[in-house]
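Read through the structure below, which is laid out as structure tokens, and then see the notes.
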Amino acid sequence: MRQGLPDWLKTALPQTAAAPATIARTAREQVETLGLPGLRDEEWRWTNIRAIQRGNFSAPAGVGADIEPAIRLPLDNPLRLRFIDGVFQGVPNDAPEGLTLTALADADEATRQAAFSPKPAPSVENPNDALVTLNTAMAREGVVIDVAANATIERPIVIEWLDGATESVMSHPRVLVRLGQSAKATVVEHIETVGDQPAWRNSVIVSTIAANAALTHIALGLDGASRLATERSFASLERDARYHSYNVQLGGQMIRREYDIHVGGSGAHTDLIGLMMPRGKQVLDTHTRITHAAADTTSNEHYRTIADDAGRGIFKGRILIEEDAQRIEAYQSSNNLILSDNAEIDAKPELEIYADDVSCSHGATIGRLDQEALFYLRTRGVPLAEARGLLIAGFAQEVIDEIPLVELRDWLSIRLEERLGEQDLAGHETE
Amino acid sequence: MALLEIKNLHAEIDGKEILKGINLSINAGEVHAIMGPNGSGKSTLCHVLGGRDGYEVTQGTITFDGHDLLEMETEERAVAGMLLGFQHPVEIPGVKNIYLLKEALNAKREAQGLDEIDTFTFMKQVRELVASMDMDDAFLHRGVNAGFSGGEKKRNEILQMLLLEPKLALLDETDSGLDIDALKVVSEGINRMRGEERGIILVTHYQRLLNYVEPDFVHVLYKGKIIKSGDKTLAHRLEAEGYQEILEEAS
Amino acid sequence: MTETQELEQLVKREYKYGFTTDIEQEIIPPGLDEDVVRMISAKKNEPEFMLEWRLSAFRQWKKMTEPEWAHVHYPKIDYQALSYYAAPKSQEELDAEAPESLDDVDPKLLETYEKLGIPLHERAALAGVKGANVAVDAVFDSVSVTTTFKEKLAEAGVIFCSFSEAVENHPELVKQYLGTVVPQGDNFFAALNSAVFSDGSFVYVPKGVKCPMELSTYFRINAKNTGQFERTLIIAEEGASVSYLEGCTAPQRDENQLHAAVVELVALDDAEIKYSTVQNWYPGDEEGRGGIYNFVTKRGECRGDRSKITWTQVEAGSAITWKYPSCVLKGDDSVGEFYSVAVGNNYQQIDSGTKMIHLGKRTRSTIVSKGISAGRAENAYRGLVHIGKTATDARNFTQCDSLLIGDRCGAHTFPYIEAKNASAQVEHEATTSKVSDDQMFYLRSRGLSEEDAMNMVVSGFCKDVFNELPMEFAVEAQALLAVSLEGSVG
């Protein structure tokens, strides 16, 4: 049961968009019937989109360009691609050799075609894709990141999503990341609220990774009590390509982040690593889908959630192995902690397998700190609450430790420590 | 007639030739050791003799107890009296050891035209063998090799041999992963199998096992060929001088 | 022939219960409206409250739509083309009462049950042939044919009879418990069942009584173009315990037949119910023609503290299986268990699993699911573990494994996990793999034929579930998987 497209959204549909004309026209027609996903949609059973439905958001009219993020990430000489309430602030002029940055509005037809044709193709049958279709119909802002074949871009490319600068604003930006053969690059999403205005960003990032290329994609959702976001990342991998994703979500009123990874060339591999820490009344939700469409491909997925107060953490991960995609190894785990009786964890690890020569497994746990470790710490004289605190910090730290940028890792560790210091970690184990 | 006669055996895997003309003749009552460095083709030889899929014999013949071995399925080889002891015995969760032992014994008895063994006789025999291998009865009710230590797996292999009494026992790296106590137990098991009616092939990288099980013949396998054969002193030389000396001497 | 093809051949099995019984039957014309519901109720001489209950279910059903979320595909069912009541005629003539003794039962029916290996002759059973000490209720199409061992059970205070008899002789119990676990409007198929169910089994075990024998029902669909809608209600009062077994077969027919049963279990304080199923409805032929649509709602409520409900199922038949035997753990310290083997071959489709709803404190649940897919079968595990806000210190453990035989089948796992309590402990593990070449080679090198080796690996894979079945059924289940571990040494 879909909720219809709210009037405020209908009236906001633009006549012109960044997508090529035919794609934009089709999308405009589709969104009217697709509407927004609702609770009755299987994919949205745990995440209430009502806040968006009732949001009465409008497209940004014009924002001050002088807004800076409050948080400085410790990155080495980053290339900043800033979006303020979804409005792109222009390409930096110091891009290194092998890297081409283009505002979506300035991109040629073929490039825009690529930006709006992700793989696997969104389907109108899938309620999730209603939001992608909406983005296609609405997108005017965006950027194209092109990494030439054999180029290794050392400087991190940072997409700054600075949301909430103006009142009740919505945005539908689109980003295209293209890596040529054997190219290497790191893209970091710096997601931050810069005002206390409600805001909704519905962004789509489409990545294509050519043979033997490697993309590292780090997303950092740093805060935001009133930030609503529906974020979608597509990545398609050719032969021997690598896609390493790290997704750390530390706040937001309702954040729904989705990954669609199409492992389409033999020898390709993807890692999806994530940490979500909802508190207050936050809803942090990640859905991932990994499609093994070629033989001899591998994937490794590891998500952890720590839910406190009345926070809600949601993880759904699907591994799909297509017919004839043999010799697949896919591993997925979802480990979760609930720190408060008002918090909630929902998890759905899924396997959908149509080939036989596979080795797949998934595991999901809720609420289980390693009792042996807890006991060990206590025999060493650490009081129960502190012992739990240590283990919870360690639980989150294990995800942070996977992040390849050392400075960022250290910075996140400290932030994590501060964050857990504010929380009650007493727990339910008896003394 | 020899129990096992291998003539000019060539075999390849994925189009790559591993065995390049092996000749070997083994009579009942003899213990042969096949030694060689890593990658010399030892495991391939065992798998070809066991009838494992994926290995293609491109030339040569193997005769076992009068049968054309290469025409036989894996299980036919087993019931005809050839038993392969694995280097890495696979784990089969949920299938009790005792079931496997009984099924295997009955398969052999059926091939010999005998009735199935009665449970009482079977259990008695198995319990005695288990005790002789310094193992606990409880092990019979665990899944086949499931969660076994390296040493337990190897003892299990020998236990199966003692029960099934093959005409030819083919032991692939049986000594690997064994501590000294386990090595002794396993060796005693092998020595108990020695007899006029039985041939034994020990495939091993090291001479260690041969201190406990004295071979009648020692063969050195290198790059898919037997480059040197001799008596047990050859094994001592290998231990003392290493493979390099012998290899140079042979070439 | 490749190894995979050989393996596929191994798991192909003929359906041996595919005969039909040539017996005169009374079948009402196809179609469903309020008059049909009234007719069914009238034929069964039901009291007014039952008719009202059915009509209310029917009115709800009319407003409902058939669910589509399961991972199964089939052509739309025309509910007006089905007949909703079929009964052996001779039975009908007995004033809708169950036969007093086996002498009153049509000999052809008895013959049918003989063919199925189900003992209906108490004397034979007492004499120690297969099935000794198992009381049997046999349901032929929609009507319960006979219930054995009634007297012996009555001595213990246990009521075991057909649902029709229960409505007639124990209306107060039926009124008190019917629909309290699976409400009329619970889902599309449960609503349909509530409107038109014709018979089924009823079990009542009074306070403190351990049922002295296993209770068993065998279901048989015989008539053409009929739906079978039986309803089972089992009540275990405080401290009572009962083990109930259910077996199902059907003739081989080219068209599909609908089976939409409802099972309700109620366990009061300290009560224990063990419900085991070996489901071997006709699965359709190798091309996927025919077979039973098995759309079943099974749910147990651990209403009392320290109560326990165990579901064990071996699902081998049916063209489509769609069932989730579930436990609502209301009582503190109550326990729910689900052990399942689901085997799909040819074009069979299975979407099965369980729901464990934890509401009481210190409630515990265990789920062990083993799915085997061969041929072009689609086999999905779908499960829900819900730890409610009130369920302090609740625990769940789930192990969910899939085995693939052949590269044209599918194996899927869709577990839902919801936890709303900080003390919850949930562990879910799932694996998918094929029978490894290493395992096959190892067993064959020990002299086992390929078939025996395969059977051995598969039965080892299912062992955790078979261990939970009562002895009788464990044997049947193993045979069903073509496993011969003779002698069961040790």
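Below, chains carry the letters A, B, ... as their sequence lines are ordered, and counting in each starts from 1.
For A/A347, the parts lying under 4.5 angstrom from a heavy atom of chain C are both the backbone and the side chain. C/H386 does not touch chain A: none of its heavy atoms, backbone or side chain, sits under 4.5 Å away. Within the 4.5 angstrom heavy-atom criterion, atoms from both the backbone and the side chain of A/E352 approach chain C. Looking at A/N335, neither its backbone nor its side chain comes within 4.5 Å of chain C, counting heavy atoms on both sides. Interface residue A/Q326: only side-chain heavy atoms are found under 4.5 Å from chain C.
Heavy-atom contacts from other residues, nucleotides or ligands closer than 6.0 Å to NZ of A/K281 number 12 or fewer. Enclosure of atom CD in A/E417 is not indicated, since only 12 or fewer non-hydrogen atoms of other residues, nucleotides or ligands lie within 6.0 angstrom. Dense packing is recorded around CD of A/Q397, with more than 12 heavy atoms of other residues, nucleotides or ligands lying under 6.0 Å away. Within a 6.0 Å radius of CZ in C/R364, other residues, nucleotides and ligands contribute 12 heavy atoms or fewer.
A salt bridge links C/D186 with C/R299; the closest basic N to acidic carboxylate O contact falls under 4.0 Å.
In terms of heavy-atom pairs under 4.5 angstrom with chain A, the leader among C/K420, C/E427, C/E429 is C/K420. Contact tally against chain A (heavy-atom pairs below 4.5 Å) for C/N396, C/V385, C/V426, C/T431: the top residue is C/V426. Of the listed residues (A/D357, A/L337, A/I319), the greatest number of heavy-atom pairs within a distance under 4.5 Å of chain C belongs to A/D357. When each of A/I353, A/D346, A/V358, A/L320 is checked for heavy-atom pairs under 4.5 Å with chain C, A/I353 comes out on top. Between chain C and the options A/S340, A/S359, A/P349, A/G363, the largest number of non-hydrogen pairs under 4.5 Å is found for A/P349. The candidate from C/L404, C/T432, C/T398 with the greatest count of non-hydrogen atom pairs under 4.5 Å with chain A is C/T432. By number of non-hydrogen pairs under 4.5 angstrom with chain C, the leading residue of A/E350, A/H362, A/K316 is A/H362. Your options are C/S373, C/A419, C/A424, and the one with the most heavy-atom pairs under 4.5 Å with chain A is C/A419.
A donor-acceptor contact closer than 3.5 angstrom is absent between the side chains of A/Q332 and A/T288.
Looking at A/I321 and A/C360, their side chains come closer than 4.5 Å, going by heavy atoms from C-beta outward.
Ring geometry for C/Y324 versus C/W69: interplanar angle of 30 to 60°, hence tilted. Ring planes of C/F295 and C/W322: perpendicular class, angle over 60° (limits at 30 and 60°).
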